[in-house]
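To keep things clear, I will list the structure first and then write my remarks on it.
Naming: A, B, ... by sequence-line order, numbering from 1 per chain.
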There are 2 protein chains.
Amino acid sequence: MDVHARRIPDATVARLPEYLRILVELAGQRIDTVSSERLAELAGVNAAKVRKDLSYLGTYGTRGVGYDVDYLLFQMRQALGVTQDWPVVVVGAGNLGRALANYAGFSDRGFPLAAVVDADEAKVGTAVGDVTVRPMSDLAEVVKAHQPVIGVIATPGAVAQLVADQLVAAGVTAILNFAPALVSVPQNISLRKVDLALELQILSFYQSHRDPGTTTRGWP
Amino acid sequence: MDVHARRIPDATVARLPEYLRILVELAGQRIDTVSSERLAELAGVNAAKVRKDLSYLGTYGTRGVGYDVDYLLFQMRQALGVTQDWPVVVVGAGNLGRALANYAGFSDRGFPLAAVVDADEAKVGTAVGDVTVRPMSDLAEVVKAHQPVIGVIATPGAVAQLVADQLVAAGVTAILNFAPALVSVPQNISLRKVDLALELQILSFYQSHRDPGTTTRGWP
DNA sequence: CAGAGCTTGTGCACAAAGTCACAAGGCCGG
DNA sequence: CCGGCCTTGTGACTTTGTGCACAAGCTCTG
Ligand SMILES: NC(=O)c1ccc[n+]([C@@H]2O[C@H](COP(=O)([O-])OP(=O)(O)OC[C@H]3O[C@@H](n4cnc5c(N)ncnc54)[C@H](O)[C@@H]3O)[C@@H](O)[C@H]2O)c1
Ligand SMILES: NC(=O)c1ccc[n+]([C@@H]2O[C@H](COP(=O)([O-])OP(=O)(O)OC[C@H]3O[C@@H](n4cnc5c(N)ncnc54)[C@H](O)[C@@H]3O)[C@@H](O)[C@H]2O)c1
């Protein structure tokens with residue numbers, strides 16, 4: 001077994017979770033084989049791309065047949081590193097932080113909520129979802145108890161860098177940032193950013209630049 | 001004036017809102033000139049990339065000096081189509097829908113909340129943020145009153161396609177989907193997707209595949 | 001008004017991602 | 001057990017994105 005298979009391209013990595021979600025759905029429907037064609041249709045991408053993506057994980061398909069759903073599911077979980085749970089610590093118990101904490105979809109997909117922490121004394125001790133908001137001073141302890149932990153920043157942008165530093169200091173090695181601000185972390189820490197207003201602006205761009213000739217009539 | 005300047009590459013479009021955010025910040029600090037170098041630093045990208053990105057908008061810089069913040073801001077808003085507000089309709093008054101409705105950052109950035117609608121009779125009439133949840137039957141009316149409108153899907157994945165169809169039928173031409181499901185829309189409708197669990201899984205991947213030799217010690 | 005000092009704008013070479021097309025190879029019916 | 005059928009896996013090519021390096025051009029100083 002080749003431990004150091006080819007490096008998986010970033011673009012592929014970004015699609016793997018989508019395939020994973022679809023495979024889980026298929027498995028739930030007791031479908032045990034799927035072709036790249038079908039998978040592509042469900043994921044909204046090109047079939048050749050699906051095959052190439054899956055080929056980075058190894059040679060798991062059967063020519064003339066397709067992919068065994070359960071086996072591919074197992075291999076994909078392996079590749080994504082979601083064979084075990086990754087507890088999540090949410091920093092910031094505001095609108096967004098509370099929505100995230102209440103969201104069942106995370107636990108279901110292997111990301112149980114370890115804790116919600118907040119700097120505001122007034123919020124500490126209040127209930128959110130199944131947990132109680134804890135003070136920032138508990139951060140290191142929480143992280144230590146659950147390692148490896150993913151940190152989620154749901155605070156105002158102005159303190160995002162500060163919070164990121166605190167997360168790193170506490171031992172968190174992966175961070176998802178919802179604040180609209182650039183945060184920098186040591187190289188070995190994984191960092192991703194989600195900016196909802198930015199998404200809206202991108203939509204705005206494509207709407208403004210849409211070919212004015214086409215109308216809403218007529219489906220593709 | 002060349003109306004049909006070069007087509008702006010997707011990768012550039014995705015970065016423009018980030019530049020816009022930074023320019024707003026700079027303008028707020030009464031800084032009136034910025035170099036590509038500085039802008040790159042603030043955006044966390046390469047300076048040459050910044051210059052190339054900005055050059056798609058036109059020749060707005062001054063050699064030896066940099067870019068005039070206010071002028072660039074104006075041009076960028078023009079390019080992104082955010083010179084006027086884009087009202088947003090949120091479908092689904094659950095955890096996420098309520099958080100979005102309560103979020104001031106959208107109005108601030110030119111995306112005021114037009115309405116929140118929900119199919120659940122029990123939720124219709126309840127207050128969320130500054131508005132009252134309205135029934136799905138009001139959708140067409142709301143859209144007509146505010147056009148152009150961006151639709152936000154914050155319902156369970158199982159009904160995402162249904163909701164998208166309703167949005168399109170009501171006259172919405174841009175959709176942001178938070179549900180973990182593939183939705184398809186006519187070609188001329190802009191669609192973007194945000195899947196938070198997917199982001200966590202990508203983080204999980206990079207953590208699992210991180211070079212085990214590096215540790216948390218030592219900043220870049 | 002000439003020359004030094006910056007910073008832009010872009011040609012170019014390279015890297016990454018996406019697509020096509022087809023040979024390789026497994027499955028099944030006769 | 002052979003040949004037709006189907007789907008994978010991948011080499012070759014196209015398209016898109018990135019980054020370097022430098023000429024062009026503006027400003028300011030003496
Ligand atoms: N609410 C949304 O739907 C939404 C959407 C997009 C982006 N965001 C972004 O998410 C972030 C949070 O948004 P929100 O609406 O929940 O804001 P919020 O103001 O409701 O909540 C922020 C929370 O962070 C806490 N906080 C402040 N400083 C802190 C610190 N130093 N350490 C720990 N906690 C601290 C506050 O006490 C508060 O509870 C913001 O950056 C916002 O731009 C929110
Ligand atoms: N809560 C989060 O933090 C979070 C995070 C990531 C993704 N999501 C996704 O966002 C979506 C919403 O999540 P949530 O936690 O708010 O769920 P939720 O169950 O709290 O809310 C869903 C809302 O949609 C409404 N709804 C159901 N069917 C509808 C229909 N046909 N038309 C209109 N409204 C309908 C429900 O009445 C409910 O109010 C889900 O797809 C979820 O996967 C949520």
Check your understanding: Expressed in angstrom and rounded to an integer, what is the separation of A/Glu37 atom CD from C/dA21 atom C1'?
Key -> 14 Å
Practice item. For A/Thr59, report the nucleic acid contact type (base, sugar-phosphate, nothing); a contact means any heavy atom under 4.0 Å. Key: sugar-phosphate
Practice item. Describe the nucleic acid contact of B/Ala48 in one word from base, sugar-phosphate, nothing, applying a heavy-atom distance below 4.0 Å. Key: base
Check your understanding: Is a donor on one side and an acceptor on the other found under 3.5 Å between the side chain of A/Arg15 and the backbone of A/Asp53?
Key -> no
Exercise for review: Please report, rounded to the nearest Å, how far the P atom of C/dT7 is from the CG atom of B/Leu54.
Suggested key: 15 Å
Practice item. For B/Arg15, report the nucleic acid contact type (base, sugar-phosphate, nothing); a contact means any heavy atom under 4.0 Å. Key: sugar-phosphate
Practice item. Spell out, as yes or no, whether a donor-acceptor pair under 3.5 Å connects the side chain of A/Ser204 to the backbone of B/Leu80. Key: yes
Exercise for review: Write down the distance between CZ (B/Arg63) and P (C/dT7), rounded to a whole number of angstrom.
Suggested key: 14 Å
**Study point:** Name of the residue among A/Thr155, A/Val116, A/Ile150, A/Val117 meeting side-chain contact (heavy atoms from CB on, under 4.5 Å) with A/Val90
**Key:** A/Val116
Point to revise | Rounded distance in Å - NZ (A/Lys52) to P (C/dC20) | key: 12 Å
Review point. Atom NZ of B/Lys49 and atom C1' of C/dA15: how far apart are they, to the nearest Å?
Key: 12 Å
**Study point:** Intermediate values then yes/no, side-chain hydrogen bond (donor to acceptor under 3.5 Å, both in side chains), B/Asp108 and B/Tyr103
**Key:** CA-CA 9 Å; B/Asp108 295 351; B/Tyr103 182 45; over 6 Å; no
Check your understanding: Partners of B/Tyr67 by side chain to side chain donor-acceptor pair (under 3.5 Å), sequence neighbours excluded?
Key -> none
**Study point:** Rounded distance (Å) that lies between atom C1' of C/dA15 and atom CZ of A/Arg7
**Key:** 12 Å
Practice item. Would you mind telling me which residue lines up with the more 5' stretch of DNA chain C, A/Asp10 or B/Ser36, judged by nearest nucleotide? Key: B/Ser36
Review point. For B/Thr173, does its backbone N or O pair with a side-chain atom of A/Gln207 as donor and acceptor, under 3.5 Å?
Key: yes
Review point. Just how far, in rounded Å, is P of C/dA17 from CD1 of A/Ile8?
Key: 12 Å
Exercise for review: Return the orientation label for the A/Phe74 and A/Tyr71 ring planes: parallel under 30°, perpendicular over 60°, tilted otherwise.
Suggested key: parallel
Check your understanding: Between B/Leu39 (CG) and C/dG9 (P), how many Å, whole number?
Key -> 12 Å
**Study point:** Of A/Arg51 and B/Thr62, the one whose closest DNA chain D nucleotide lies more 5'
**Key:** A/Arg51
Review point. Which is the 5'-most and which the 3'-most nucleotide of DNA chain D that has an atom under 4.0 Å from a heavy atom of chain B?
Key: D/dG17 to D/dT27
